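Comments concern the structure below.
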Amino acid sequence: MTGSRESSTDRLDYDVIIIGAGLSGMYQLYRLRELGLKVRVFETGTGVGGTWYWNRYPGARFDSESYSYGYSFSKELLQEWEWSEHFAGQPETLRYCNFVADKFDLRRDIQFESRVASAIYQDATRSWAITLDNGTRHSCRFLVTAIGPLSTPTLPRVEGIERFKGQSFHTARWPKEKVDFAGKRVAVIGTGATGIQTIQTIASEVGHLTVFQRTANWAAPLHNGKIDAETQAKIKAGYGEIFRRCQETFACFVHTPDPRGAFEVSDAEREAFYEKLYGERGFGIWQGNFKDILIDRKANATISDFVARKIRERVRDPVVADRLIPKNHGFGTRRLPLETFYYEVYNRDNVDLIDISETPIERITPEGIKTSEREFAFDIIIYATGFDAITGSFDKIDFRGANGALLKDKWRRGPETYLGLMVDGFPNMMMLMGPHTALGNIPRSIEYSVDWVTGLITFATERGLTFLDATPAGTAAWTDHVKALGVGLLSNEVNSWMTGINSNVEGKQTRIVARYSGSAPAYRAKCDEVAANGYDELRLA
Ligand code: NAP
């Protein structure tokens, strides 16, 4: 497609370096290779897949419909690959990632077990110098970060974690070998989407399970199931329609908000609608609910009350049921975990729920966990305690832009970006799924962002441009726009990874607007417009 790279990049090792071989990095590699560019991917893990490589914890699976989650860019791939379940489990998704890597021969440009320690912009040569943690250096014209919004796991900041004598795991650093739970006394700390999937999966395998819950989360049924042959055929024939729909919806899921407000219908109609949503697969109850449940407290209270009643119906002990019902945030104002008989787990004789908002964990002991109330002995402790989200993976790499400016400094008061794709003062660096970008059904957003970045790099190589930078005004305008979009959303008034809160990371106790919360179509329209105007909002040289 282009043939102009020879002159500008001759003395550099690569045209483009991509950090990370998850879904973003793999597709970016594929697209840039199509342009005939010399590309290298550095990946910390020993294999491809990113999230699906690291998160091997029991029960890890999609919350988006499998057929809306896979890559859409290759018709051949869509026909060759068959998802076995409506919401595929992690082993299947990891197999899918490997299948893609094999099919497109991606591995020959991916260097595994290679963690990027620093990325330093070289003003004199308009290039990036990348240093791996083994000390090797690599240079490139363009740098693409594909490091994931949820890829830096965090452990509780409590004393004694290293002294525990049993086995302990963070869910996102789960071993490749099978963990034997039979007869074991197991603790799970954390009840987010990950904790819920883990708990519901291991409860029947363990000897005894103790769940340490700090904040109750709303969850709704996943209603997973196998995909039968007839449905499989329909899916394969209907991919065009499925992806067209994802392009049109607010967050790229197959679900989209109901155009009615919660009070535009009668009480009976509302109840029937909630009942229907509660009985349907996937995120419909969150993404396909009345249009005002995530912005209007009273509307939100109607669905929160409905789901609270469901929890009370499903959990036999009313005290435990009450503990499982969130009191400090409304339904769907945090990322909704989807569950499969999660609440029924608490009806089992071998499961206890400890509310650590009442009796906090004081320390991990060699034998187990000490709360303010008592000591517990365990064979296994599972930390389902989440991630230093969105900016955490950037913080771990020493990014320095023009004139040695530190990205960490620039983002000290929260991220500042241009379209969630670039940062002024960090020329030739593009971010995939970084802050301020549309997340939603992630692969759909990934494909869009990768295509946009590919378009920009094509534009630059065709014209021999060696310098692309966002402007301070462009960055300020986008950052203000993203903040303005967040005003009025109930989710922005709640502590969660989506508002940049992580009690386990110093300096992450103040809410920020870290993600774009407008509609995906509006996001794409803005980015498309910039491209159509010859990227005239950028500084180009
Ligand atoms: P999370 O939502 O941040 O949940 C972490 C949990 O650990 C929370 O219950 C939190 O309590 C608790 N916790 C953290 N530090 C603690 C401490 N020091 N002491 C006690 N409890 C502590 O993390 P996650 O569950 O890993 O999920 C993160 C995101 O990953 C999800 O929202 C979702 O976007 C994604 N995910 C997706 C899937 C899927 O697609 N199927 C599955 C899993 C995860 P507090 O609430 O009190 O902070």
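Read the numbers this way: they start at 1 and go in the same order the structure lists the ligands and their atoms. Since this is a predicted model, take the numbers as computed values, not measurements.
Nearest to atom 40 (O) of ligand 1 among the protein's heavy atoms is R335 NH2, 3.0 Å. If you check which protein heavy atom lies closest to atom 32 (O) of ligand 1, you get W497 NE1, 2.7 Å. At the top of the distance list for atom 23 (O) of ligand 1, counting protein heavy atoms only, stands G386 CA, 3.3 Å. Among all non-hydrogen protein atoms, the one lying nearest atom 27 (O) of ligand 1 is T194 OG1, 3.7 Å. The single protein non-hydrogen atom nearest to atom 9 (O) of ligand 1 is T191 N, 2.9 Å, given as residue, atom name and distance.
Relative orientation of the Y278 and F306 rings is perpendicular, given thresholds of 30° and 60° on the angle between their planes. In this structure, Y96 and W81 have perpendicular ring planes: the angle between them is above 60°, well past the 30° mark. Taking the six-membered ring for Trp and thresholds of 30 and 60 degrees, Y69 and W52 have ring planes more than 60 degrees apart, a perpendicular arrangement.
For ligand 1, the atoms lying closer than 4.0 Å to a non-hydrogen atom of F62 are 41 (N). Remark: ligand 1 atoms within the under-4.0 Å shell around heavy atoms of R61 are 39 (C), 40 (O), 41 (N). Remark: ligand 1 atoms within the under-4.0 Å shell around heavy atoms of I356 are 20 (C). Listed by atom number, the atoms of ligand 1 under 4.0 Å from T215 heavy atoms are 45 (P), 46 (O), 47 (O). Counting atoms of ligand 1 from 1 in the listed order, those under 4.0 Å from a heavy atom of Y57 are 42 (C), 43 (C). Less than 4.0 angstrom separates some heavy atom of F387 from each of these atoms of ligand 1: 26 (O). Within ligand 1, the atoms closer than 4.0 Å to a non-hydrogen atom of I189 are 20 (C), 21 (N), numbered from 1 in the order shown.
Within the 3.5 Å criterion, the main-chain N or O of D388 finds no donor-acceptor partner in the side chain of W497. R444 contributes a side-chain N or O that, together with a main-chain N or O of S68, makes up a donor-acceptor pair within less than 3.5 Å.
Across all non-hydrogen atoms, the minimal contact from L294 to F331 is CD2-O, 3.8 Å.
The ring of F104 has its center closer than 6.0 angstrom to the ring center of F73. Taking the ring centroids of F376 and F212, they lie under the 6.0 Å cut-off.
At a 3.5 angstrom cut-off on N or O pairs, R157 does not count as close to ligand 1.
Checked by atom type, the side-chain pair S84/E92 shows a donor-acceptor distance below 3.5 Å.
For atom 2 (O) of ligand 1, the candidate residues are G192, G59, G190, A384; the nearest heavy-atom contact is made by G192. Of the candidates N55, T93, N441, L150, it is L150 that places a heavy atom closest to atom 35 (C) of ligand 1. With atom 17 (C) of ligand 1 as the reference point, the heavy atom nearest to it among Q90, H329, R214 is part of R214.
One distance of note links CD1 of I369 with CD1 of I364; it measures 4.5 Å at 0.5 Å rounding.
Contact check for Q90 versus Y57: no side-chain heavy atoms found under the 4.5 Å cut-off.
With a 4.0 Å heavy-atom cut-off, ligand 1 is reached by no atom of L338. When non-hydrogen atoms are compared, ligand 1 lies under 4.0 Å from the side chain of N504 (C-beta onward) but not from its backbone.
Contact annotation: M498 has no heavy atom less than 4.0 Å from any atom of ligand 1.
For H86, the ring-ring contact (aromatic ring centres under 6.0 Å, His included) partners are Y67, not counting sequence neighbours.
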